[in-house]
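Note on naming: letters A, B, ... go to the chains in the order of the sequence lines (proteins, then strands), and numbering restarts at 1 for each one.
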Amino acid sequence: MSDSIIGAGPKRIDGQRKVTGAAPYAADHHPDNMAYGYGVFSTIARGTVTGLDLDAARQSPGVIDIFHHDHFPELHRSPSSMAQGNKVEETRLPFEDNQVHYEGQFVALVVADTFENARAAARKVGVSYQRDDNAIANLDQGVKAHGTQKGQGNHERGDAAGNFDGAAHSIDVTYTTPVENHNPMEMHASVASWEGDRLTIFESSQGVVQQRGALSKIFGIPQEHIRVESPFIGSGFGSKLWMWPHAVAVSAAAREIGRPVQLVVPRQQMFTTTGHRPETRQRMRLATDERGRLVSLRHESINTTSFTDQYVETCGSVTKSLYSCPNLLVSHETTRVNRGTPTSMRAPGAAPGLFALESAIDEMALAAGVDPLEFRMNNYATRDESQDLDFSSNHIREATEKAAEKFGWQDRNPEVGSMRDGHEIIGYGMAACNWEAIKRECEARVSLRADGTAYVTCATQDIGTGTYTIIAQTVSELTGLPLEKITVRLGDTSYPKGPISGGSWTTATTLPAIAAATREAIKELKGYATGEKGDFAGVDSDSDSLTFENGQLTHDGQSVDYVDVLKGQKLASADGHAHTQGADDKYSYRSFGAHFVEVRWDPGISNLRVSRVVSAIDVGRVINSMTARNQVEGAIVMGLGMAHFEATEYDARNGRPVNNNYAEYVVPVHADQPPEVDVILLDYPDLAFNEFGARGIGEIGITGMAAAVANAVYHATGKRIRDLPIFKEKLMENVPEVQSA
Amino acid sequence: MREFDYARADSPRQAVSTHGRSEQAAYLAGGTTLLDLVKIDIMRPDQVVDINRLDLNQIETLNDGRTRIGALVTNTALARDDRIKNEYAVLSEALLSGATTQLRNKATTAGNVMQRVRCPYFRDGVSSCNKREPGSGCAAIKGHNRSVHAVLGTSEQCIATHPSDMCVAMAAIGATVTVEGPDGQRDIGFLDFHLLPGDTPEREHALKPGELITHVTLDAPLENSRSGYLKLRDRASYQFALASSAVIVTLEGDTITNARVALGGVGTKPWRALEAEKALKGQKIGEASFTHAAGIAFKGATPYAHNAFKIPLGQQAIVRNLTTLTAQEDRRTS
């Protein structure tokens with residue numbers, strides 16, 4: 001397989017279109033006669049809209065219509081079932097009633113002839129509210145006001161409580177993580193147009209099929225009458241997995257006014273009405289025996305959810321199986337706050353969950369007097385104890401060892417603050433990373449065409465990760481066609497049903513379907529070749545002696561180019577369609593890895609930076625070495641943002657998000673990239689999982705990163721930061737105490 | 001859209017006469033503040049006077065040793081200018097620490113002096129804000145006030161920081177702002193240009209209605225001085241200062257003969273720390289004298305719920321800047 005294109009690192013086949021501006025994103029679509037929508041958003045977090053003064057807005061230039069709770073077509077809710085293919089995160093429809101559940105909720109939609117006119121008119125809409133002064137602004141207020149609700153994904157084995165008291169070593173610590181927003185560069189956008197009762201919508205979406213299903217339920221029209229297109233998206237990180245209220249609002253508006261309507265969600269409302277990673281509070285109770293073996297592990301989390309829906313951040317999802325422990329409890333609860341509905345954000349559950357778990361493991365190791373690396377090696381599970389299953393493929397020990405060696409962990413002086421370089425104190429920290437490998441059902445179609453090209457369709461999406469490219473690689477591998485002869489079309493519900501681009505499951509889900517469809521196309525081709533008019537008439541088309549390689553059909557020493565087979569019979573193409581199934585339950589399928597992080601803390605200017613990262617990742621086989629590495633590197637950088645920059649701050653008095661822009665919501669910039677980021681991809685094919693042995697790579701890189709940074713910060717400073725982000729003031733001495741308002 | 005009249009001026013005089021004395025008119029230079037705030041509906045000019053065609057692009061050394069900077073010299077051009085780099089290193093460094101390359105290419109000298117605050121309660125158009133709506137109150141004082149709120153020069157009416165880096169360097173260097181207005185030309189001392197919020201936070205500067213900045217003239221550099229700008233923030237680029245210092249010192253041996261200290265990110269205006277300067281003068285270089293002076297700079301500082309760390313952080317910005325400047329022989333200027 002050394003010359004295989006699977007595992008090579010070809011450039012993205014869509015790269016040139018992207019960098020030259022030729023790739024159309026949602027808001028680049030301008031159907032004829034298109035109008036523009038602009039929202040009016042609530043300025044209170046809880047209460048009732050008691051009146052709308054629309055006179056000035058109606059008289060504003062170019063205004064076509066203004067929609068609100070007293071002027072909006074009657075629609076239906078989506079049952080919001082992923083299995084049915086109609087999941088939405090926020091089930092309440094826009095303008096369903098006059099209730100306000102969060103700041104930044106749609107209270108009206110102005111439609112006008114230009115974007116500027118729509119925006120100007122939207123600002124002239126006067127909204128009167130009956131403000132409810134009991135807005136719940138954060139997790140603590142929610143728990144205090146009305147307690148918690150039980151979530152899903154809980155797990156219990158053995159007797160964790162009974163084996164905690166009296167254990168040789170134990171810790172009982174609580175971690176918190178703030179709200180984070182996905183902040184993809186491209187804002188959410190929809191362009192909706194109707195022809196009769198048929199709807200076409202361009203959306204920046206990670207899941208066109210689910211959006212079609214949801215729109216079908218909401219508008220009460222057949223799925224076949226709806227086309228959702230998302231050929232390119234400027235990333236999503238989970239915020240674009242499920243349709244949000246703006247897409248419903250704009251689709252309804254377009255039908256009402258009989259014109260296509262475009263709406264781009266303003267950056268400020270990207271913080272309110274398109275999901276976020278919820279705030280979490282996680283209590284960790286761990287205990288070991290004298291030798292530092294875990295005997296009890298409890299991971300109990302609460303996350304914030306909205307008043308309209310329950311979203312559970314499954315913080316303990318990894319905790320169930322990463323370490324061997326006979327007595328274990330994982331529980332998830334939620335509490336309602338006046339924020340929009342949360343949603344998956346890159347590595348949902350695991351990203352905040354592993355901050356708590358892998359920080360706690362570090363604390364536990366210290367309490368037990370064991371080196372954190374050794375502690376992990378001693379406690380890593382060898383099989384999935386939560387499901388009583390073997391792992392399909394688990395190389396976490398090798399990953400940990402390889403990364404440790406490359407990083408130079410053995411040079412670490414364990415004493416806090418002992419490693420110095422000029423003004424700076426150096427800290428070393430590590431953490432494991434982990435993510436479930438998931439494979440879903442998928443359909444795909446492949447045509448081998450008489451012009452010498454292949455044409456591939458699947459209604460999944462490329463969210464910037466390289467899906468177009470790895471699909472082309474797969475077809476190339478099986479046909480011998482060069483990548484430039486392979487056209488891949490994704491992100492359109494008129495193609496065979498593909499998966500949402502989330503959960504790191506696109507690779508494992510789509511590639512088997514693409515391969516099966518390619519084989520079907522080859523089979524059809526062989527049928528033509530062996531038919532009565534064919535070059536190999538009379539040969540058994542299923543015979544092993546009839547081969548297809550490098551675009552050539554060969555039998556008994558005679559080769560024919562597949563193009564000639566088709567042309568000879570005046571045929572346009574040989575086509576294959578496939579429908580492949582999800583993963584079996586014979587094994588526990590997971591990806592593994594370890595991060596090693598060096599931080600530098602300059603106490604003289606209170607400056608913290610991540611200066612070096614070495615990560616070894618075991619994700620099965622790597623399909624494209626360039627895009628795979630890029631995914632892990634990007635996740636590492638996102639993880640260091642989570643570690644010490646990112647937090648959506650809410651005003652505790654009224655629940656309004658405060659830093660709702662790119663300047664004050666701090667994500668890492670180029671200058672924050674660690675000078676050294678070294679990603680080791682172990683590349684062990686997981687053939688029990690799928691024929692390519694690939695498990696997916698989008699999320700695992702961010703898991704554990706914040707803990708690795710926090711553990712390194714502890715090593716440098718002696719301060720255990722249990723509340724993200726690790727802002728400098730949490731590490732500073734002599735900060736005056738101020739009574740909080 | 002919200003309509004306004006747009007006029008392009010060919011001379012300062014014409015700009016001033018088009019603008020008139022209206023409070024609702026605005027001059028447009030780089031637009032990096034004005035256009036942003038118009039787009040989010042916080043500034044609502046009815047007349048915009050585009051001054052980009054004015055001949056105010058020069059950096060000139062005057063006979064008395066001062067350096068005169070045209071209002072339209074971009075932040076990039078000013079930072080890259082050889083005289084500025086050599087004689088006013090603190091200014092070049094301050095400029096390059098601000099914003100991003102793209103913004104610096106558009107932003108102008110006068111525009112930077114005139115930039116508005118980053119307080120989210122000012123910019124949201126909803127919360128109480130005495131700057132935006134005098135008398136409505138200040139939501140920041142008891143709200144979230146970590147990054148763009150001050151500990152020096154605050155009042156019961158407003159605690160927003162002045163966001164500029166450039167102005168902090170100019171406050172340390174000493175400068176004069178030349179304006180042209182309906183009543184003719186006049187000069188305003190740089191330290192008198194920006195106003196403390198006091199009871200009138202809506203008044204941010206000393207310009208009278210219609211006055212146009214035409215030049216900023218830097219005082220002659222201190223002879224044999226060395227200078228530098230140190231900016232502290234969360235991420236390494238594209239963030240307003242949590243605390244910064246502009247420092248200029250002259251030494252004789254190990255003794256400080258003259259010092260200028262100005263602070264950013266901590267004050268409601270570009271903050272000249274005159275008392276700290278006095279405390280440094282005549283002292284031996286070293287941590288003791290630096291720390292002492294830094295403490296004086298923050299005497300009387302008022303911490304709020306989320307920004308109390310700026311008091312020690314600002315002191316660190318002074319101490320480290322002085323330490324670095326007095327340790328490096330090769331940074332001597334003039």
Side-chain angles (χ1 to χ4, degrees), chain A residues 43-44 60-62 103 112 114-124 266 268 423 602-609 641 644-645 649-654 656-664 666-673 725 727-730 732-741, chain B residues 1-3 36 39-41 44 99-100 103 118-121 123-127 139-148 151 163 230-240 242-243 245 287 298 301-313 315-321 323-324:
Chain A
T43 56
I44 63 167
S60 198
E103 206 270 352
T114 67
F115 171 78
E116 288 78 9
N117 279 339
R119 183 172 63 182
R123 287 177 176 152
K124 292 176 187 164
Q268 283 79 6
H423 290 301
D602 185 338
I605 51 171
S606 304
N607 190 49
L608 177 71
R609 65 193 176 100
H644 71 135
F645 297 140
E649 311 278 9
Y650 294 83
D651 193 312
R653 299 167 298 184
N654 52 30
R656 306 193 71 233
V658 175
N659 56 337
N660 55 358
N661 60 67
Y662 256 171
E664 268 85 38
V666 178
V667 297
V669 294
H670 281 103
D672 297 303
Q673 315 303 309
F727 278 148
K728 57 180 84 246
E729 55 266 38
K730 298 176 185 175
M732 292 172 69
E733 312 289 345
N734 306 323
V735 176
E737 282 286 328
V738 180
Q739 258 340 85
S740 196
Chain B
M1 57 187 286
R2 193 184 291 283
E3 291 187 0
D36 273 9
K39 280 194 275 186
I40 61 172
D41 210 28
R44 301 171 179 180
T100 64
L103 286 165
R118 294 294 312 186
C119 177
Y121 299 101
R123 294 169 70 92
D124 71 14
V126 174
S127 303
I141 288 176
K142 291 190 171 171
H144 193 83
N145 45 38
R146 174 178 184 263
S147 59
V148 289
V151 294
L230 178 62
K231 180 173 179 177
L232 305 179
R233 46 188 160 183
D234 295 311
R235 64 181 165 199
S237 176
Y238 188 43
Q239 191 184 1
F240 295 95
L242 295 170
S245 72
E287 198 182 332
F298 281 84
T302 307
Y304 295 87
H306 307 102
N307 75 352
F309 72 98
K310 288 187 171 187
I311 294 175
L313 191 70
Q315 295 176 58
Q316 291 184 326
I318 296 172
V319 172
R320 176 63 62 84
N321 202 347
T323 306
T324 308

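Only the backbone of B/Tyr304 comes within contact range of chain A, with heavy atoms under 4.5 Å apart. Residue A/Asn654 does not touch chain B at all, counting heavy-atom pairs closer than 4.5 Å. If you measure heavy-atom distances from B/Ala243 to chain A, you find no contacts under 4.5 Å at all. Heavy atoms of A/Asp602 lying under 4.5 Å from chain B belong exclusively to its side chain. For chain B, the nearby part of A/Pro603 is the backbone; its heavy atoms alone come within less than 4.5 Å. Within the 4.5 angstrom heavy-atom criterion, no atom of A/Arg609 approaches chain B. Both the backbone and the side chain of B/Ile40 come within less than 4.5 Å of a heavy atom of chain A.
For B/Ala308 against A/Val738, the heavy-atom pair with the smallest separation is CB-CG2, 3.7 Å. Residues B/Asp234 and A/Phe645 approach most closely at O-CE2, 3.2 Å, considering heavy atoms. Between B/Tyr238 and A/Tyr662, the shortest heavy-atom contact is CE2-O, 4.2 Å. Taking every heavy atom of both residues into account, B/His144 and A/Asp651 meet most closely at N-OD2, 4.3 Å. Nearest approach of A/Val667 to B/Arg235, heavy atoms of both residues: O-NH1, 2.6 Å. When all heavy atoms of B/Leu313 and A/Met732 are compared, the closest pair comes out as N-CE, 3.7 Å.
By the 4.5 Å heavy-atom criterion applied to side chains, A/Arg119 and B/Lys39 are counted as neighbours. Using a 4.5 Å heavy-atom cutoff, the side chains of A/Gln268 and B/Asp124 are not in contact.
Rounding to the nearest 0.5 Å gives a distance of 12.5 Å between NE2 of A/His670 and OG1 of B/Thr100. Distance check, rounded to the nearest 0.5 Å: CD of B/Gln315 to CD1 of A/Ile605 gives 15.0 Å. Between atom CD of residue A/Glu664 and atom CZ of residue B/Phe240 there is a gap of 6.5 Å, rounded to the nearest 0.5 Å. Atom CZ of A/Arg653 sits about 7.5 Å away from atom OG of B/Ser127, to the nearest 0.5 Å. Separating the CG atom in B/Leu232 from the NZ atom in A/Lys728 is a distance of 6.0 Å, to the nearest 0.5 Å. Atom CG of B/Leu242 is separated from atom CD of A/Glu729 by 7.5 Å, given to the nearest 0.5 angstrom.
For the 3.5 Å distance criterion, the side chains of A/Ser606 and B/Gln316 qualify, holding a donor opposite an acceptor.
With chain A as the partner, the residue from B/Lys310, B/Arg118, B/Gln239 showing the most heavy-atom pairs under 4.5 Å is B/Arg118. Between chain A and the options B/Pro120, B/Ser237, B/Pro303, B/Pro312, the largest number of non-hydrogen pairs under 4.5 Å is found for B/Pro312. In terms of heavy-atom pairs under 4.5 Å with chain B, the best-connected choice from A/Thr43, A/Val666, A/Asn734 is A/Val666.
A cation-pi contact, defined as under 6.0 Å to the ring centre and within 45° of the axis, links B/Arg146 to A/Phe727.
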